[in-house]
Amino acid sequence: TGYYGDGLNAIIVFAACFLPDSSRTDYNYVMENLFLYVISTLELMVAEDYMIVYLNGATPRRRMPGLGWMKKCYQMIDRRLRKNLKSFIIVHPSWFIRTILAVTRPFISSKFSSKIQYVNTLAELREMIPMEYVHIPDSIVKYDEEKYIKRRMRTSCLSNDPEMTSVEQE
């Protein structure tokens, strides 16, 4: 959690990699209580506008919240909290997250949909928000670095490919 602007605007960081495994026998109970904790914390912290940064990287599929849980969360959030949310930033979005949001878009308000932003790297996130008060878990930093290395390797492999080079020159 951090703040931006005049100090009243909260940045809520939510790392999905720390969510419980869906194979737990008490998974629904844990997720229900986690949601209630998050909402009560938001109500205490949010005086003005706020943003949520959802760190999706380094999260195995079995730890990602389900569609039903996300829908319930959205419906239970107080109108004031929904109205004061200025941005919902998803860092390292997977195809699964993008698909879920695309499928649910008709069922959520267009105002909320317009607040969703995808960010592929922590460098992009740094360009959008002040990071001095935002803690990014080490596993996410490592994931970002590994993803960046893979992207650079892919790019350099493509640029060294004689067929790609000849296509680029045409």
Side-chain angles (χ1 to χ4, degrees), residues 1-20 22 31 34-35 37-39 41-42 45-75 77 81-159:
T1 306
Y3 291 91
Y4 68 99
D6 58 8
L8 296 174
N9 304 319
I11 300 173
I12 311 299
V13 179
F14 191 80
C17 60
F18 296 126
L19 288 173
S22 59
M31 290 300 282
L34 176 63
F35 170 72
Y37 171 78
V38 168
I39 293 301
T41 302
L42 278 175
M45 290 184 64
V46 174
E48 299 291 330
D49 296 343
Y50 71 105
M51 65 177 65
I52 295 176
V53 176
Y54 177 81
L55 302 171
N56 188 62
T59 305
R61 172 67 189 98
R62 66 185 188 277
R63 290 189 183 270
M64 287 186 193
L67 181 59
W69 186 80
M70 288 191 282
K71 180 182 175 190
K72 185 177 179 181
C73 290
Y74 176 76
Q75 290 170 339
I77 293 174
L81 286 176
R82 273 191 268 176
K83 185 177 172 222
N84 287 357
L85 177 66
K86 293 304 165 200
S87 186
F88 186 86
I89 302 169
I90 301 172
V91 182
H92 303 126
S94 64
W95 67 268
F96 178 76
I97 292 288
R98 288 179 187 264
T99 302
I100 282 182
L101 289 173
V103 167
T104 59
R105 197 158 288 232
F107 306 106
I108 57 177
S109 76
S110 59
K111 283 185 181 179
F112 183 79
S113 291
S114 68
K115 297 174 185 184
I116 298 171
Q117 297 176 285
Y118 296 113
V119 174
N120 294 311
T121 65
L122 293 176
E124 285 180 45
L125 182 63
R126 279 186 206 92
E127 291 173 13
M128 296 174 70
I129 64 169
M131 297 289 287
E132 57 268 13
Y133 302 113
V134 176
H135 173 71
I136 305 294
D138 292 340
S139 59
I140 303 294
V141 172
K142 184 178 178 190
Y143 176 87
D144 189 73
E145 289 169 353
E146 289 171 357
K147 193 173 177 184
Y148 176 75
I149 289 168
K150 285 179 185 174
R151 192 172 330 142
R152 294 230 11 216
M153 287 176 65
R154 238 187 338 257
T155 304
S156 71
C157 286
L158 288 175
S159 64

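No hydrogens, no waters, no symmetry mates; every other heavy atom, side chains included, goes into these values.
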Got a second to check how far [X]'s [atom1] is from [Y]'s [atom2], nearest 0.5 Å?
| X | Y | atom1 | atom2 | result |
| --- | --- | --- | --- | --- |
| I77 | N84 | CD1 | CG | 12.0 Å |
| C17 | I140 | SG | CD1 | 4.0 Å |
| R105 | I116 | CZ | CD1 | 5.5 Å |
| K147 | N120 | NZ | CG | 5.0 Å |
| E145 | L122 | CD | CG | 8.5 Å |
| L101 | F96 | CG | CZ | 10.0 Å |

Give the minimum heavy-atom separation between [X] and [Y], together with the two atoms involved.
| X | Y | answer |
| --- | --- | --- |
| S139 | A58 | O-CB, 3.9 Å |
| D144 | T121 | OD1-CA, 3.3 Å |
| K115 | R82 | NZ-O, 2.9 Å |
| P130 | I11 | O-CD1, 4.0 Å |

query = Taking the six-membered ring of F18, is NZ or CZ of R63 closer than 6.0 Å to its centre and within 45° of its axis?
reply = no
key: Cation-aromatic face contact R98/Y118, 6.0 Å, 45 degrees   = yes
Under the 3.5 angstrom rule, does the side chain of [X] hit a backbone N or O of [Y] as a donor-acceptor pair?
| X | Y | answer |
| --- | --- | --- |
| D49 | N9 | no |
| K86 | I52 | no |
| S22 | R62 | yes |

May I ask you to test the [X]-[Y] pair for a side-chain heavy-atom distance under 4.5 Å?
| X | Y | value |
| --- | --- | --- |
| H135 | V13 | no |
| Y143 | L55 | no |
| T59 | L19 | no |
| Y50 | I12 | yes |

request  = Decide yes or no on side chain to side chain contact (heavy atoms under 4.5 Å, CB included) for M64 and N56, but give the supporting numbers first.
outcome  = CA-CA 8 Å; M64 287 186 193; N56 188 62; 3.6 Å; yes
key: Partners meeting side-chain contact (heavy atoms from CB on, under 4.5 Å) with Q117 (sequence neighbours left out)   = S87, I89, M128
Side chain to side chain contact (heavy atoms under 4.5 Å, CB included) between V134 and V53, worked out = CA-CA 10 Å; V134 176; V53 176; 5.9 Å; no
ask   = In terms of ring plane angle, is the pair F112 and F88 parallel, tilted or perpendicular, where the classes change at 30° and 60°?
value = tilted
